[in-house]
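Only one structure is covered here, and it is reproduced in the block below.
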Amino acid sequence: MIIPRKTIVPLALFLCPLFANAEYQNPTETPFYKRATGQDTEYEQKEAERQKDEAMGTYNQAFEMLTSKLETTEAIDVDQIAKEWSTNAARSQLKYDKPHVYRGVLEKVTVMGQDVVMVMKSKNGNGVNVNPFFIQGVLSVVGGKRQFVDAVGAIEYAAQFDAGQEFTMLCDRAYPKQLNGCLMFAE
């Protein structure tokens, strides 16, 4: 393909001033290169702090929602879910396909790779598997009221508790033997 000279000259006249004033920068010194190669620890620290602050805000909102729901309605016992699914699966699917507050007692904690499953006791002998959200909040009493003070990974969170611990959970979705996307709150 041949580009006519009358097209190249105006284009060169337009671009030359832009590049004439441009300062040459070594590609290995650009912020993008440093982030891509892991050399920019300041960026990583800022990003980790931003994610933590975002998670803390989300957890505080969820905790306020949870406490307001507990005042107006009772939490659903994990044993009740399987019974309702066995009697009318269609109604249960519509009911449990949205966030609800649940209550259960920890039986055991299992880890599969990077995923944590917290098994809650069930009266029929089969535990209910709870898949916690991958980041959990740590509660503390600040100024006389419970508030989130830190965010940790699900494995670090689950490691803090023993069998018999009671939990209140805000979960996205429930199935007969499984709760998904849960924010866990130890009683």
Side-chain angles (χ1 to χ4, degrees), residues 48-187:
E49 287 177 20
R50 185 193 64 76
Q51 288 177 351
K52 185 176 177 179
D53 290 343
E54 186 178 304
M56 296 303 289
T58 302
Y59 277 95
N60 281 323
Q61 288 175 348
F63 186 65
E64 289 173 12
M65 180 179 146
L66 178 72
T67 53
S68 66
K69 275 194 161 211
L70 286 177
E71 291 171 4
T72 58
T73 61
E74 271 306 303
I76 300 169
D77 188 18
V78 293
D79 283 333
Q80 182 180 340
I81 302 165
K83 292 175 191 171
E84 288 187 22
W85 273 88
S86 64
T87 57
N88 189 335
R91 181 179 12 189
S92 297
Q93 184 169 356
L94 292 174
K95 179 180 179 180
Y96 294 117
D97 202 27
K98 55 188 172 210
H100 283 287
V101 178
Y102 302 93
R103 182 166 283 134
V105 177
L106 184 64
E107 183 177 335
K108 65 180 177 178
V109 177
T110 60
V111 177
M112 292 180 264
Q114 293 297 319
D115 297 330
V116 175
V117 177
M118 299 175 83
V119 181
M120 299 295 161
K121 289 182 182 176
S122 181
K123 291 176 186 168
N124 64 5
N126 298 332
V128 176
N129 294 335
V130 177
N131 300 321
F133 191 65
F134 66 94
I135 296 177
Q136 294 292 321
V138 177
L139 285 171
S140 182
V141 178
V142 177
K145 71 178 208 176
R146 289 175 22 160
Q147 188 176 10
F148 285 101
V149 293
D150 197 12
V152 296
I155 293 176
E156 291 87 0
Y157 184 79
Q160 300 174 15
F161 304 105
D162 294 319
Q165 176 71 46
E166 292 185 21
F167 283 94
T168 302
M169 302 159 280
L170 179 61
C171 301
D172 286 342
R173 186 168 287 142
Y175 298 102
K177 291 292 175 191
Q178 184 174 341
L179 300 172
N180 288 337
C182 298
L183 297 177
M184 312 289 289
F185 304 95
E187 295 288 321

query: Restricting to pairs with a member in residues 156-166, which pass side-chain hydrogen bond (donor to acceptor under 3.5 Å, both in side chains), not counting sequence neighbours?
result: none
Of all pairs that satisfy salt bridge (charged side-chain N to carboxylate O under 4.0 Å, His left out), the ones with a partner from residues 170-180, not counting sequence neighbours: Asp97-Arg173
message: Under the salt bridge (charged side-chain N to carboxylate O under 4.0 Å, His left out) definition, can you give me all pairs with a residue in residues 75-92, not counting sequence neighbours?
response: Glu84-Lys95
Restricting to non-hydrogen atoms, name the atom on [X] and the atom on [Y] that form the minimum distance, rounded to 0.1 Å.
X      : Y      : result
Ala82  : Pro176 : CB-O, 3.7 Å
Glu107 : Gly127 : OE1-CA, 4.1 Å
Val116 : Ala158 : CG1-CB, 3.7 Å
Val78  : Val128 : O-CG2, 4.0 Å
Ile155 : Gly113 : CD1-O, 4.4 Å

message: Can you classify the ring geometry of Tyr96 versus Trp85 as parallel (below 30°), tilted (30 to 60°) or perpendicular (above 60°)?
response: parallel
By the disulfide bond (SG atoms under 2.5 Å apart) test, which pairs, at least two apart or in different chains, include something from [range]?
range            : result
residues 99-163  : none
residues 115-152 : none
residues 122-179 : Cys171-Cys182
residues 79-152  : none

task: Could you point out which residue of Leu183, Ile76, Val130 forms a side chain to side chain contact (heavy atoms under 4.5 Å, CB included) with Met169?
output: Val130
task: For the residue pair Leu179 and Met120, establish whether any side-chain heavy-atom pair is separated by less than 4.5 Å.
output: no
- prompt: Taking the side chain as C-beta and beyond, is there a heavy-atom pair between Met184 and Phe161 under 4.5 Å?
  reply: no
query: Atom CD of Gln136 and atom CZ of Phe185: how far apart are they, to the nearest 0.5 Å?
result: 8.0 Å
